[in-house]
Amino acid sequence: MPTRRRLLGAAAAALAAPSLVRAQGAARVVVVGGGFGGATAARTLKTLQPALQVTLVEPNPIFTACPFSNEVLAALRDIDRQQFRYDGVRKAGVILAKTSATSVDARARTVTVADGSTLDWDRLVLSPGIDIDWTALPGYGREAAEIMPHAWKAGAQTLLLRRQLQAMKDGGLVVISAPANPFRCPPGPYERASLIAYWLSIWKPRSKLLILDAKDGFSKQRLFQNGWAELYPGRIEWVPLSQGGKVTSVDPATLTLVTDFGRHQAAVANVIPPQKAAAIAQHAGVADRTGWCPVEPVAFESTLQPGIHVLGDAAIMGAMPKSAFAANAQAKVCAAAVVALLAGGKPADPILINTCYSLLAPDYGISIAGVYRPDRGRLIEIPGAGGASPLDVVGGFRGQEALFATSWFDTITAEVFG
Ligand code: FAD
């Protein structure tokens with residue numbers, strides 16, 4: 001575990017560009033969270049300005065990626081293909097602090113880590129992802145999640161849900177509950193339903209899948225529903241909010257999901273509950289009453305705590321969805337802005353892109369893309385600049401999109417962790 005003294009020692013080696021040299025040494029940026037946003041931000045900071053002292057605070061030696069974890073559920077890949085070490089980040093010159101951030105003092109400009117030591121910063125970047133909101137769904141706490149897994153943080157939960165599916169009797173009902181917006185990965189529950197249906201059609205052909213939804217619409221809805229009709233006729237039922245889809249409580253003892261309209265007993269229950277920015281964002285005072293972190297749309301600096309930047313799933317990014325693609329794009333913009341601010345400059349207005357691929361089967365992919373820019377204090381989508389996959393296609397179009405999806409995952413993980 002790095003101590004403050006060791007970290008300051010490492011700073012001496014990083015002295016270089018005069019514009020960034022402070023009276024005591026190189027300017028210091030601490031990045032909290034080594035996921036898609038944080039690891040990208042740390043690497044980009046070092047690439048743009050090697051003189052910076054960049055410390056990445058992340059407790060886990062191995063990152064387990066959520067994108068493509070739905071393939072793990074469907075036994076289309078092993079979990080180890082989702083796992084990445086931080087060797088590439090370290091080789092890029094980032095100091096790794098293998099510990100958790102426990103609190104932030106915005107006035108003193110310090111982060112306290114698990115052993116009580118502190119790290120000083122001139123700018124702090126938070127990309128800690130999400131926490132499950134354990135208070136939001138009656139009956140659903142940490143113990144219930146061991147019976148009705150959320151699998152919305154990849155790793156042990158993913159494997160638990162996969163084991164439950166494999167142990168289920170043929171003919172059993174799989175129930176997925178999808179939360180209201182905003183939440184991590186808007187198309188994720190529906191990709192999950194598709195890939196579980198794919199797996200059921202091979203291994204448990206008498207089983208069905210029910211999606212209980214707290215919304216009346218969802219990302220790429222027509223593409224998903226057309227695909228379900230084509231690939232899995234009669235297997236997936238989607239119940240929207242207006243038809244009683246919102247789960248109001250759960251009973252893990254009987255694997256029951258309760259809605260205003262009735263009770264649904266599952267053989268396997270995948271409860272994807274409401275979420276919020278991870279705990280450190282709450283402790284740092286950058287989250288508002290919604291549980292998420294408001295930021296300005298150019299450097300993603302907190303509107304609640306100056307000097308602290310928040311990106312990725314934890315932040316409210318206007319029209320931009322919570323995705324790994326988005327977190328990676330925001331991290332590059334944020335890193336460039338932080339370098340400019342530390343040099344006394346003004347960050348340029350960014351243009352950001354997000355693309356979300358989803359698989360309905362191993363050879364059936366769909367996508368949606370958006371382009372975003374700042375407008376009156378928030379990120380808005382530029383009309384007509386993005387779009388979704390066409391509804392009607394011929395030939396191998398969906399197969400090609402499935403290949404694009406896999407290539408995207410391989411490329412982004414190589415860029416961030418490789
Ligand atoms: P994360 O990647 O979750 O990283 C957060 C990191 O912060 C973690 O490593 C955590 O350990 C660390 N951390 C938390 N608290 C602390 C602390 N106190 N101190 C130190 N470190 C801390 N996105 C896509 O673009 N495409 C997809 O196809 C896609 N598919 C998905 C499928 C599923 C099933 C799910 C659940 C998500 C999917 N996503 C997808 C969304 C994507 O995983 C997230 O949007 C992305 O991981 C967000 O990046 P982040 O940096 O905000 O958070």
Side-chain angles (χ1 to χ4, degrees), residues 30-42 55-73 82 84 86 89 96-104 111-114 119 125-132 150-155 157-158 161 176 178-179 182-193 195-196 219 270 272 275 277-284 292-293 300 310-315 317 320-331 334 353-359 365-369 404-406 408-409 412-413 416-417:
V30 173
V31 180
V32 173
F36 282 99
T40 305
T55 304
L56 178 64
V57 182
E58 166 63 57
N60 300 310
I62 294 174
F63 177 72
T64 306
C66 285
F68 276 76
S69 64
N70 288 329
E71 279 214 344
V72 177
L73 297 175
Q82 298 297 110
F84 303 91
Y86 289 98
V89 179
L96 292 181
K98 284 193 193 125
T99 181
S100 293
T102 53
S103 65
V104 171
V111 173
T112 303
V113 296
L119 303 170
V125 177
L126 298 180
S127 188
I130 57 147
D131 272 351
I132 302 301
H150 53 79
W152 221 239
K153 289 188 175 194
Q157 279 272 308
T158 315
L161 183 54
I176 297 178
F183 66 101
R184 160 175 281 183
C185 193
Y190 315 96
E191 179 190 70
R192 176 169 290 177
L195 291 180
I196 291 178
S219 174
N270 170 213
I272 306 170
Q275 299 145 37
I280 188 62
Q282 321 285 338
H283 299 324
W292 304 103
C293 307
F300 311 134
V310 190
L311 52 93
D313 287 358
M317 284 288 176
M320 245 185 144
K322 299 187 186 302
S323 77
F325 194 119
N328 174 262
Q330 291 158 11
C334 181
I353 299 175
N354 176 63
T355 305
C356 279
Y357 293 99
S358 301
L359 293 178
I366 58 174
S367 65
I368 187 163
F404 292 159
T406 313
W408 166 77
F409 182 73
I412 194 171
T413 50
V416 178
F417 301 104

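All ligand and atom numbering here is 1-based and tracks the order in the structure.
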| For ligand 1, which atoms sit closer than 4.0 Å to a heavy atom of Y357? | 28 (O)
| task | Distance to 0.1 Å, residue and atom name: give those for the protein heavy atom nearest to atom 4 (O) of ligand 1. | result | G35 CA, 3.2 Å
| note | Quick look: R192 vs ligand 1, heavy-atom contacts under 4.0 Å, and the answer is side chain
| With backbone taken as N, CA, C and O and side chain as the heavy atoms from C-beta onward, which portion of N60 lies under 4.0 Å from ligand 1: side chain, backbone, both, or neither? | side chain
| said: Give me the nearest non-hydrogen protein atom to atom 32 (C) of ligand 1 as residue plus atom name, then the distance to 0.1 Å. | reply: C66 O, 3.5 Å
| query | Are the side chain of D313 and the backbone of I130 linked by a donor-acceptor contact shorter than 3.5 Å? | reply | no
| note | If we number the atoms of ligand 1 from 1 as shown, the ones under 4.0 Å from a heavy atom of A327 are 49 (O)
| Closer than 4.0 angstrom: is that true for some heavy atom of F409 and an atom of ligand 1? | no
| task | Considering only non-hydrogen protein atoms, determine which one is nearest to atom 45 (O) of ligand 1 and report residue, atom name and distance to 0.1 Å. | result | D313 OD1, 2.8 Å
| request: Could you please spell out the steps behind the side-chain contact (heavy atoms from CB on, under 4.5 Å) verdict for Y190 and I176? | output: CA-CA 9 Å; Y190 315 96; I176 297 178; over 6 Å; no
| request: Specify the protein heavy atom at minimum distance from atom 12 (C) of ligand 1: its residue, its atom name, and the distance to 0.1 Å. | output: E58 OE1, 3.1 Å
| query | Quick check: does any side chain N or O of Q82 sit under 3.5 Å from a backbone N or O of P67, one acting as donor and the other as acceptor? | reply | yes
| query | Please state which protein non-hydrogen atom is closest to atom 26 (N) of ligand 1 and give its distance, to 0.1 Å? | reply | W408 CH2, 3.3 Å
| field | Nitrogen or oxygen atoms of S100 and ligand 1 under 3.5 Å apart | value | no
| note | Closest to atom 38 (C) of ligand 1 (heavy atoms only, candidates S367, C185, A331) is C185
| query | Going by the angle between their ring planes, with limits at 30° and 60°, are F417 and F63 parallel, tilted or perpendicular? | reply | parallel
| Min side-chain heavy-atom separation F404-S367 under 4.5 Å | no
| said: Please compare R184, H283, K153 and report which has the shortest non-hydrogen distance to atom 1 (P) of ligand 1. | reply: R184
| query | Does G37, backbone or side chain, put an N or O under 3.5 Å from an N or O of ligand 1? | reply | yes
| task | Ignoring hydrogens and angles, tell me if any N or O in the side chain of K322 forms a donor-acceptor pair with the backbone of A315 under 3.5 Å. | result | yes
| message | Could you tell me, atom by atom, which parts of ligand 1 come under 4.0 Å of a heavy atom of V57? | response | 20 (C), 21 (N)
| request: Number the atoms of ligand 1 from 1 as they appear, then name those within less than 4.0 Å of a heavy atom of S69, with their elements. | output: 34 (C)
| request: Examine ligand 1 and decide if any of its atoms is less than 4.0 Å from a heavy atom belonging to P128. | output: yes
| In ligand 1, which numbered atoms sit nearer than 4.0 Å to a non-hydrogen atom of V32? | 17 (C), 19 (N), 20 (C)
| request: Give the C-alpha distance, both sets of side-chain angles, the deciding distance and a yes or no for side-chain contact (heavy atoms from CB on, under 4.5 Å) between N328 and V416. | output: CA-CA 8 Å; N328 174 262; V416 178; 3.6 Å; yes
| request: Under 4.0 Å, heavy atoms only, figure out whether ligand 1 is touched by the backbone of N354, its side chain, both or neither. | output: neither
| remark: Closest to atom 42 (C) of ligand 1 among protein heavy atoms sits A324 N, 3.5 Å
| said: Applying side-chain contact (heavy atoms from CB on, under 4.5 Å) to V113 and L119, what does each step give before you reach the verdict? | reply: CA-CA 8 Å; V113 296; L119 303 170; 4.1 Å; yes
| note | the protein heavy atom lying closest to atom 27 (C) of ligand 1 turns out to be P67 CB, 3.6 Å
| query | Of the protein's non-hydrogen atoms, which lies at the shortest distance from atom 18 (N) of ligand 1, and what is that distance? | reply | A101 O, 2.9 Å
| query | Are any of the N or O atoms of F36 closer than 3.5 Å to those of ligand 1? | reply | yes
| Do the side chain of N270 and the main chain of H150 share a donor and acceptor less than 3.5 angstrom apart? | yes
| Does Y357 offer a backbone N or O that forms a donor-acceptor pair with the side chain of W408 under 3.5 Å? | no
| request: Number the atoms of ligand 1 from 1 as they appear, then name those within less than 4.0 Å of a heavy atom of P59, with their elements. | output: 20 (C), 21 (N)
| said: So if I count the atoms of ligand 1 from 1 in the order they appear, which ones are less than 4.0 Å from some heavy atom of F325? | reply: 25 (O)
| remark: The atoms of ligand 1 lying under 4.0 Å from a heavy atom of G312, numbered in the order shown, are 52 (O)
| Is any side-chain heavy atom of D131 closer than 4.5 Å to a side-chain heavy atom of Q282? | no
| said: Using side-chain contact (heavy atoms from CB on, under 4.5 Å), reason through E71 and T406 one step at a time and then give a plain yes or no. | reply: CA-CA 11 Å; E71 279 214 344; T406 313; 5.6 Å; no
